[in-house]
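Right, one structure below, let's go through it.
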Amino acid sequence: MPELPEVETTVRGLEKVLLGRELRRVEPRRADLRRAFPAGLGQRLTGARVTRLGRRGKYGLIDTDRGDTMIFHLGMSGKWRIDPEELGPHDHLLIETDEHLVVVLNDPRRFGSVDLVPTTELSDWGPLAELAPEPGEITAGELRERLRGRSASIKSLLLDQRIVAGLGNIYVCEALHRAHINPKRSAGRLSPASLAQLAGAIREVIGEAIKAGGSTLRDYARPDGELGYFSKRFAVYDRESQPCLSCEAPVRRIVQGGRSTFYCPKCQR
DNA sequence: AGATATTCCTGGAGGC
DNA sequence: TGCCTCCAGGAATATC
């Protein structure tokens, strides 16, 4: 289940094998993932040279000298496999470089996506156009601005990519726990002090996760998808009924917007 | 505006 | 052990 830190780790891994390389073969192995692959994806990228890899929110970005950027989203089961021994049924897009290195986008549940957009139009491209600031840099002021007047729960709104880009269910739960904020609180009614704590908690949680991914990556030196979650233990996520790591009260699970929320009823008022 | 449901999809977990 | 059902996840979309 890739969230922002996993995407960041993946991009850093891909950078090692793709940056500066010419793409000799770009071959979709089915017509779509979450949505159809861009028309002419293979032709448009074959022969292009990769000039930059980046990330925005949970989207990975691969710029080329053809003026197009390939945008990938890993959904919940997506991963890039580097130089696989053989192709499997869920390897949906194959790329071969001028060094004859093969990378494949593997995604069993096909919640991911691949798009191709002119690099100059990237910031206007639908999903990126309204994306909020990066969670690693979010400030209390930006949070306040975006949450002002909103009565929905803070948990639900933090999952909205227009409030903070790249947060998923896990890190929202973890950040709220760290900031001692009850996930059911109305977002617009949080005090400036709480918002400051929340902004700090988001930056910390994401920063630590990326750091953990980076250290894992050093061991593997490739985004082979075998990393799973970072070994770092979560304080509340997926720990229903287990003791809160801060106060030992049992962690509670509720459902908000159809998604599980884990929190400590004692630490998070 | 917000809450909830639905859709996409498959593997893993749990029940029997 | 082997079926069966259910659930997880992100994002778009529909409905109340």
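Rounded to a whole Å, the CG atom of A:Leu33 is 15 Å from the P atom of C:dA12. Taking atom CZ of A:Phe111 as the reference point, atom P of C:dC7 lies 15 Å away to the nearest angstrom.
Looking at heavy-atom distances under 4.0 Å, A:Ser156 makes no contact with the nucleic acid at all. When heavy atoms are screened at a 4.0 angstrom cut-off, A:Arg30 is found touching no nucleic acid atom at all. The residue A:Ser260 sits close only to the backbone: its heavy atoms come under 4.0 Å of sugar-phosphate atoms, none of a base. No engagement by A:Asp107 is indicated, since no non-hydrogen atom pair under 4.0 Å with the nucleic acid exists. Across all strands, A:Gly112 comes closer than 4.0 Å to no nucleic acid atom at all (heavy-atom distances).
In this structure, A:Arg110 reaches the B:dT10 phosphate: one of its side-chain N or O atoms is under 4.0 Å from OP1 or OP2. Phosphate proximity of B:dG2 to A:Ser153: absent, as no side-chain N or O sits under 4.0 Å from OP1 or OP2. Regarding contacts with the backbone of B:dG11, a side-chain N or O of A:His90 is found under 4.0 angstrom from either OP1 or OP2. Note on A:Ser77: every side-chain N or O is 4.0 Å or more away from OP1 and OP2 of B:dT10. In terms of phosphate contacts, A:Gln256 brings no side-chain nitrogen or oxygen within less than 4.0 Å of OP1 or OP2 of B:dA3.
For the 3.5 Å distance criterion, the side chains of A:Thr69 and A:Thr119 qualify, holding a donor opposite an acceptor. Using modelled atom types and a 3.5 Å distance limit, the side chains of A:Thr51 and A:Asp65 yield no donor-acceptor pair. For the 3.5 Å distance criterion, the side chains of A:Glu142 and A:Thr139 qualify, holding a donor opposite an acceptor.
Among the nucleotides B:dG2, C:dG9, B:dG11, the one closest to the side chain of A:Arg150 is B:dG2. Here the side chain of A:Arg253 is nearest to one of C:dA11, B:dA3, C:dA8, namely C:dA8.
Below the 3.5 angstrom threshold, one finds no donor paired with an acceptor across the side chain of A:Arg34 and the base of C:dA12. Between the base of C:dA8 and the side chain of A:Arg109 there is a donor-acceptor pair shorter than 3.5 Å.
With values rounded to the nearest 0.5 angstrom, A:Ser260 atom OG is found 7.0 Å from A:Asn169 atom CG.
Shown are A:Leu167, A:Val164, A:Ile210; of these, the side-chain contact (heavy atoms from CB on, under 4.5 Å) with A:Leu4 is made only by A:Ile210.
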